[in-house]
Structures are given as structure tokens and as C-alpha cells.
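Here, residue 1 is the first one in the sequence, and each next residue gets the next number.
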Amino acid sequence: MSAPAISHLICTTALVMLIFVMPFFYSIVLDNIRVDMLRKELKEIADYVSNTLANLYFLVNSTENTNVSMEKSLKYLPTAVEDSVFILKIVGSGVNATKITTYLKDGPSVAADAWLSPGLKLGAQNTVESGSRTVSAGCTRNSTGVYAWIKYA
């Protein structure tokens, strides 16, 4: 084979490889970017709920009354994350509430966490699903402790 034929064969092979191989790697990169953006949005949601519960905890814990309950409607909670339903859950170890977890209903591997203030206990309602209904977060204080919960308003 002559030199021009070999260089033509090398360039043609490289062009065919670019046409068939590059879209595969490009789709992997796009999927990684999408998952990263989903995690960031879920992290913002978890931080918002964690901050709300922390504020309610400090308000409930600062009174002299032993039976106090405060509730706040989460108005800025989105109904979906990239057209996907997400689950918002208070997770604990034993009776203590430790963190807020948000994850996609269709893909639980895409999740984000936010830590809660120490001293909170798990309330009766710990899980909600995003959608058209309004969600409320609250704290209740009684003689046994301060309980955090989330529910539909």
C-alpha cells in the first residue's frame, strides 16, 4: 500500500470511530451531569426542611410549657424534581431523628441528606411524597421530649 492510501485508511477509521463511539461517551457524561443536578436540587429541598425543623425545634424548646406544638407549611417545596416525584423522609436511629433524606421515587439511588438538630425525636408521621398537596413540618413538645414530623396539610 502506498502512503496516501494508508493515511486515508487511518483517517477514515478515525472518523468512523468518532461517529460511533463519541455519542456513547457523550451520553454517559450527560447522564452524570443530570444526576449531579438532581442531587443538588434534592439537597436544597432537604436543607430547606431541615432548617425549618431546626427553627421550630428552637421555638418549641424555648417555652416554659411542656405541651407545645408548632407547625409550618412548606410553601416553597417543589411538586417535582425534573418531572419526577420525590420522597421526603425523616430518618432516625432508634427514637432519635438524625437526618432528612430526599430521594426520587423512580430512582432511590439519587438521594440527598441534611442533618437535623440533636435532641429531636421521630414523630408519628415521617414520610411524604411530593405532588399537588401541601406539606407541613412541625415539632411537638411533651413531657417525654421534642418530636419532629412531616405530613400533608
Side-chain angles (χ1 to χ4, degrees), residues 14-153:
L15 184 61
V16 168
M17 290 295 288
L18 279 175
I19 290 171
F20 291 112
V21 174
M22 284 299 289
F24 174 72
F25 288 111
Y26 184 70
S27 68
I28 291 173
V29 169
L30 279 181
D31 190 48
N32 288 342
I33 291 171
R34 187 182 74 74
V35 167
D36 189 41
M37 291 305 297
L38 284 171
R39 279 199 182 103
K40 286 181 181 182
E41 288 183 41
L42 291 172
K43 178 68 173 160
E44 285 180 21
I45 293 167
D47 285 342
Y48 171 59
V49 175
S50 173
N51 188 33
T52 301
L53 285 173
N55 291 338
L56 290 172
Y57 170 68
F58 292 125
L59 285 172
V60 166
N61 215 16
S62 66
T63 64
E64 295 292 324
N65 296 336
T66 56
N67 292 326
V68 178
S69 183
M70 294 187 120
E71 179 177 342
K72 183 176 186 300
S73 178
L74 302 174
K75 294 180 183 178
Y76 302 110
L77 198 66
T79 57
V81 174
E82 279 196 23
D83 298 329
S84 297
V85 174
F86 65 90
I87 307 293
L88 182 62
K89 184 176 185 179
I90 300 175
V91 179
S93 60
V95 295
N96 296 321
T98 56
K99 63 183 176 178
I100 297 286
T101 300
T102 55
Y103 57 92
L104 296 179
K105 185 177 181 180
D106 298 336
S109 63
V110 180
D113 298 327
W115 296 104
L116 289 172
S117 300
L120 282 170
K121 296 183 179 184
L122 288 172
Q125 298 162 323
N126 300 325
T127 305
V128 292
E129 187 176 300
S130 70
S132 59
R133 295 193 285 179
T134 306
V135 175
S136 294
C139 284
T140 303
R141 179 179 171 197
N142 59 25
S143 60
T144 60
V146 180
Y147 295 88
W149 45 267
I150 50 176
K151 67 175 186 173
Y152 297 111

Name the atoms and distances for all side-chain donor-acceptor pairs under 3.5 Å in residues 109-131, with sequence neighbours left out.
from	atom 1	to	atom 2	distance (Å)
Asp113	OD1	Thr101	OG1	2.9
Asp113	OD2	Lys99	NZ	3.4
Lys121	NZ	Thr144	O	2.8
Asn126	ND2	Gly123	O	3.4
Glu129	OE1	Lys105	NZ	3.3
Glu129	OE2	Lys105	NZ	3.4
Ser130	OG	Thr79	O	3.0
Ser130	OG	Phe86	N	3.0
Ser130	OG	Phe86	O	3.4

Donor-acceptor pairs are to be reported for all side-chain atoms of residues 17-27 against protein atoms at under 3.5 Å, with residues two or more places apart or in another chain.
from	atom 1	to	atom 2	distance (Å)
Ser27	OG	Pro23	O	3.4
Ser27	OG	Phe24	O	2.7

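In terms of heavy atoms, Tyr48 sits closest to Lys75 at OH-N, 3.6 Å. In terms of heavy atoms, Met70 sits closest to Trp149 at O-CZ2, 4.1 Å. Closest heavy-atom contact between Leu53 and Cys139: O-SG, 3.8 Å. Looking at every heavy atom in both residues, Thr98 comes nearest to Ser93 through CG2-OG, 3.7 Å. Val60 and Thr140 get closest at one heavy-atom pair: CG1-C, 4.5 Å. Considering every non-hydrogen atom in both Leu88 and Ile150, the closest pair reads O-CD1, 3.5 Å.
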Quiz item: Taking it one step at a time, do Leu59 and Val68 satisfy side-chain contact (heavy atoms from CB on, under 4.5 Å)?
Solution: CA-CA 10 Å; Leu59 285 172; Val68 178; over 6 Å; no
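Annotation: side chain of Ile100 is in contact with side chain of Ile90 (closest heavy-atom distance under 4.5 Å). The shortest distance between side-chain heavy atoms of Thr102 and Val49 does not fall below 4.5 Å.
One N or O on the side chain of Ser62 and one on the backbone of Phe58 form a donor-acceptor pair closer than 3.5 Å.
Note on residues 85-97: no pairs pass salt bridge (Lys or Arg N to Asp or Glu O under 4.0 Å), not counting sequence neighbours. Annotation: salt bridge (Lys or Arg N to Asp or Glu O under 4.0 Å) contacts involving residues 49-66, sequence neighbours excluded, are absent.
Here the CZ-OG1 distance, from Arg141 to Thr66, works out to 7.0 Å after rounding to the nearest 0.5 Å.
Not counting sequence neighbours, Glu44 has no partner by the salt bridge (charged side-chain N to carboxylate O under 4.0 Å, His left out) test. With sequence neighbours left out, Asn55 forms a side-chain contact (heavy atoms from CB on, under 4.5 Å) with Asn51. Partners of Lys43 according to the side chain to side chain donor-acceptor pair (under 3.5 Å) rule, which considers only residues two or more places apart in sequence or in another chain, are Asp47. With sequence neighbours left out, Asp31 forms a salt bridge (charged side-chain N to carboxylate O under 4.0 Å, His left out) with Arg34. Qualifying side-chain contact (heavy atoms from CB on, under 4.5 Å) partners for Ala153, counting only residues two or more places apart in sequence or in other chains: Thr134, Ser136. With sequence neighbours excluded, the residues forming a salt bridge (charged side-chain N to carboxylate O under 4.0 Å, His left out) with Lys40 are Asp36, listed by chain and number.
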